[in-house]
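First comes the structure, then the notes that go with it.
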Amino acid sequence: MTLWITDRLLPLWRLLGVNYTQMRAILAVKLSFDNRRPTPAFTNWRQKEGHSTNGYWKAIGLYAFMGLFVAIPLAFVDPTAILVPAVLFFGYVMAICAMTLITDFSAVVLDSTDNQILLFRPVDGRTILAARITHIASYLLTFALSVGVVGILIIASRFGPVAGLLSLLLIVLVAILSLFLTNVFYLLLMRFMSEERLRETINYFQIALGVLFYGSFQLMPRFFENTDPLHPSLLTGQWWMHLIPPFWCAASLDLLVNRASDSWHWLGLALILTVPFLGLWVMSRVLGPIFGNRMATLDLATNSAAAPQTVVANVSGSLAKPSLADRLAGWLTTSALERATFTMIWHLTSRDRKFKLKTYPSLAFGIVYIVMMSSRRSGMASFSQSHLFILYLSSLYMLGAIMQITISDNYKAAWIYAATPITRPGELLSGGLKAVIVKLMLPYFALLSAYVFYRKGIDVLPDVLLALTGSLVMLLISVTMGERSLPFSMTQDAVQQNITTRSLLSMLVIGLVGAAHWGLSYIPYGVWAAIPVMLLIAWLLFRSYRQTDWSGITVV
């Protein structure tokens with residue numbers, strides 16, 4: 001379907017200066033791999049490398065189901081008040097497009113592996129960029145239409161087929177605009193930043209954008225809390241609304257449905273019809289020529305710099321003062337093997353981009369969720385023991401971090417574990433667990449504890465201490481009862497086999513521990529008495545985990 005559409009746009013490609021024959025060949029190969037590459041939310045652990053997976057179509061089905069809920073207001077709203085629900089609807093579509101770009105941009109657009117073939121052929125940077133943009137645009141439009149299909153049908157049935165066709169066009173333009181804005185930002189970074197700095201910046205920006213979109217949809221209902229959420233006067237007449245692309249779409253739809261012919265609506269229509277196409281022209285004509293050259297040096301500079309930096313780091317590390325990780329390892333570990341694993345995990349969790357991208361956003365989501373839920377009078381804040389939920393929630397997010405330290409794209413390098421004379425692999429496990437607890441869990445728990453003290457006062461100190469020991473017990477039960485894998489020795493697909501069972505087990509354990517804590521809070525000095533008991537249980541579990549032998553280790 002994508003190739004059929006691009007064939008009909010041949011005059012456009014010629015206008016943009018693209019060699020369409022070359023672009024079509026590149027695009028055909030890229031499209032053939034789409035259903036083989038697992039969608040992040042639907043990684044199928046049974047998929048074999050290079051085989052087809054249904055994760056792509058599962059994601060489309062899920063997005064269509066999610067779009068149902070945001071389209072429901074369009075089915076019942078008065079036609080004269082369609083502006084606000086339309087802004088929310090098109091805003092949700094744009095948010096999904098942006099999140100899709102965030103999760104897949106590095107894997108699709110910044111994937112420079114095809115340069116090993118293309119750059120040795122007479123293919124210019126503009127054609128390579130056009131193929132990449134068209135590929136991700138088709139991928140993005142599929143998800144955008146899946147999210148908006150219910151809304152399009154509702155609008156067509158209530159306001160006529162013309163309104164439905166206009167909504168379809170607006171969703172396509174929203175997807176193109178999302179693509180343009182994201183590409184402009186990343187390509188500008190590629191123009192003005194070094195390759196290594198670029199990858200780090202992109203990684204942190206992906207994390208920040210994920211948190212921003214999540215927080216925005218948590219805050220949006222509160223924005224209309226004390227006003228009529230469907231009254232169009234909330235948006236019309238506000239100059240800043242023209243800085244929000246979803247308003248352009250909503251104004252265009254309102255212009256058709258209610259014949260609201262004024263300068264505000266016409267300006268919104270003009271913006272949504274011109275800005276996306278102007279963006280495509282800018283990407284092709286201005287940014288296209290530099291794209292190929294920057295991508296050509298992206299991997300080369302990174303790979304050539306990696307080896308010398310490693311040597312220098314090793315040499316300077318032997319002469320410089322011990323780092324924080326070295327000092328903590330000396331205080332908290334009891335063997336050389338455990339100490340080495342502690343420092344390795346400590347440093348890799350700061351350098352590995354995929355680990356940070358998969359771990360840090362979930363931690364930030366947890367903070368946003370807790371703050372939003374505890375601020376609502378009818379929500380978590382209405383319970384006197386709500387701080388217990390906040391404190392124990394940290395352990396659930398930490399479990400994800402512990403599972404991530406076992407995953408690596410270079411898992412085959414784990415043969416080094418078996419090639420070395422390691423007789424107690426449990427020390428590798430315990431060293432990694434200590435690093436995650438000290439570097440991630442304790443600071444995260446301290447942040448949540450500070451929020452609890454702010455909300456409840458210092459009187460909840462016993463609950464904070466018991467929750468800390470209880471969280472440690474929960475984590476140790478989860479890693480002890482589940483499959484045990486050495487650091488960075490597993491594939492993502494292999495870990496998926498164990499994630500459901502471990503998640504259910506963790507939720508059960510945290511529910512039992514939390515319920516016991518809640519019950520102890522009604523017994524005089526019960527919380528204080530339980531703290532040393534939980535510490536003893538945690539010590540016993542950790543000792544058992546540290547004594548793991550080779551028969552208890554799971555390998556790929």
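Computation of the quantities below employed the complete heavy-atom set of this structure, encompassing side-chain atoms and omitting hydrogens, waters and symmetry-equivalent molecules. Since the model is a prediction, treat every value here as computed from it, not as a measurement.
With hydrogens and angles ignored, the 3.5 Å screen pairs a side-chain donor or acceptor of Ser138 with a backbone N or O of His135. With hydrogens and angles disregarded, no donor-acceptor distance shorter than 3.5 Å links the side chain of Thr134 to the backbone of Ala131.
Here the shortest heavy-atom pairing between Ser167 and Leu253 reads OG-CD1, 3.9 Å. Heavy atoms only, all atoms of each residue included: Val87 and Pro246 are closest at O-CB, 3.7 Å. The shortest heavy-atom contact between Leu166 and Ser252 is CD2-O, 3.7 Å. For Tyr392 against Gly514, the heavy-atom pair with the smallest separation is CE1-CA, 4.1 Å.
Side-chain contact between Ser471 and Leu391: absent, with no pair of heavy atoms (C-beta onward) separated by less than 4.5 Å. Asn258 places a side-chain heavy atom less than 4.5 Å from the side chain of Pro79. The closest side-chain heavy-atom distance from Leu145 to Leu168 is below 4.5 Å. Contact annotation: the side chain of Leu74 never approaches that of Arg158 to less than 4.5 Å [non-hydrogen atoms, C-beta and beyond]. The shortest side-chain heavy-atom distance between Leu442 and Leu468 falls under the 4.5 Å cut-off.
Distance check, rounded to the nearest 0.5 Å: OH of Tyr444 to OG of Ser449 gives 11.5 Å. For the atom pair NZ of Lys456 and CG of Asp463, the computed distance is 10.0 Å after rounding to the nearest 0.5 Å.
Screening Leu170, Val174, Thr274, Leu177 for a side chain to side chain contact (heavy atoms under 4.5 Å, CB included) involving Trp248 leaves a single residue, Leu177.
In this pair, Tyr20 and Trp13 present their aromatic rings parallel. The plane angle is below 30°, not in the 30 to 60° band.
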